[in-house]
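Numbering of ligands and ligand atoms starts at 1, following listing order.
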Amino acid sequence: MSNVSIKTVKEVSGIRTASQMAADTLLKVGEMLRAGITTDDINQFVHDDTIRRGAWPAPLNYHGFPKSVCTSINEVVCHGIPSGRVIEDGDIINVDVTTIFEGFYGDTSATFYIGKPSPDARRVTEISRKCLELGIAEVREGARLGDIGAAIQEYAEGQGCSVVRAFVGHGIGRQFHEPPQVHHYGKRGSGLRLKAGMVFTIEPMVNLGSYDVEVLADKWTAVTVDGSLSAQFEHTVVVTKTGCEVLTKRPRPLLHSEVFPSQDGASLIAAAR
Ligand code: MF3
Ligand code: CO
Ligand code: CO
């Protein structure tokens, strides 16, 4: 448990810079999304947008992952591999961007609506968004990792959804995945005691049905066993004395997730909620 590093101010600054790049790329993904493009188009955009900053897309070749971003549609829980799959009206898609800049990692994801979502798609997406928010609200020096998991689990299960057990949030810094593991379920008052300077992700995956997942023959794509919809949001945070700083915080809302385009080009805030 004590192998969780406390980052220096300089290290946090490096992670913040990478995190802000990832956040900016994710904002731009929101602006390019529309029915008819493929997940390979998203991959190409994320790859080019990352390289143009002098940064590197962490997923590419990570333990053999073949692309520069994860794109997870509908019943795909996480680690979806970009392909020729066309995104269609009614789909929900999580896009998970991880940027490496000057040796530091920043990791963030969001679920987007393609066209008009079904009531079920809206439900699972909005519940997972709220789960991340509730998890972040628990973070401060002296709190326990179990407080984060409990807050997420209580809300998701209270809404009749389930929290995926097989994948967790993680410490992050000069490596993609470091200790601690951040479970999105648990008991208040249990687990690692948080200290200022710890940096980790919170990235709850919420399923409409059971939490069981299976990994497809491609060795990456994780899907719900029951075929139910799954949604996820992710931020990278640093613990402070009084709370936390969301290092992947966005300077404006996400199109097709937090705001929606209207005919005159203006944005309608939270139209799908
Ligand atoms: N970005 C994912 C996470 O949130 C990890 C993706 S690993 C990959 O931890 F190899 F699939 F890219
Ligand atoms: Co992550
Ligand atoms: Co991620």
Using a 4.0 Å cut-off to any heavy atom of [X], which atoms of ligand 1 qualify?
| X | answer |
| --- | --- |
| T98 | 1 (N) |
| E203 | 3 (C), 4 (O), 9 (O) |
| F65 | 8 (C), 10 (F), 11 (F), 12 (F) |
| H177 | 3 (C), 5 (C), 9 (O) |

Indicate, as side chain, backbone, both or neither, the part of [X] found under 4.0 angstrom from ligand 1 when only non-hydrogen atoms are considered.
| X | answer |
| --- | --- |
| D107 | side chain |
| P59 | both |
| H170 | side chain |

Practice prompt. Taking atom NZ of K130 as the centre, report whether more than 12 heavy atoms of other residues, nucleotides or ligands fall under 6.0 Å from it.
Written response: no
Worksheet item: Evaluating non-hydrogen atoms only, which member of D96, N94, V97 is closest to atom 1 (N) of ligand 1?
Response: D96
Worksheet item: How about H184 and Y211: are their ring centres within less than 6.0 Å of each other?
Response: no
Could you tell me whether [X] and [Y] make a salt bridge, using a distance below 4.0 angstrom between a side-chain N and a carboxylate O?
| X | Y | result |
| --- | --- | --- |
| E88 | R34 | no |
| E178 | K7 | yes |
| D48 | R52 | no |
| E141 | K241 | yes |
| E126 | R129 | yes |

Worksheet item: Taking the six-membered ring of F104, is the NZ or CZ of R174 close enough (under 6.0 Å from the centre) and on axis enough (within 45°)?
Response: yes
Worksheet item: Can you list every salt bridge (charged side-chain N to carboxylate O under 4.0 Å, His left out) pair that touches residues 149-164, not counting sequence neighbours?
Response: E154-R188, E157-R165
Worksheet item: Regarding D49 and T25, is there a side-chain donor-to-acceptor distance under 3.5 Å anywhere?
Response: yes
Worksheet item: If you draw a sphere of radius 2.8 Å around the Co ion (ligand 2), how many protein N/O/S atoms end up strictly inside it?
Response: 4
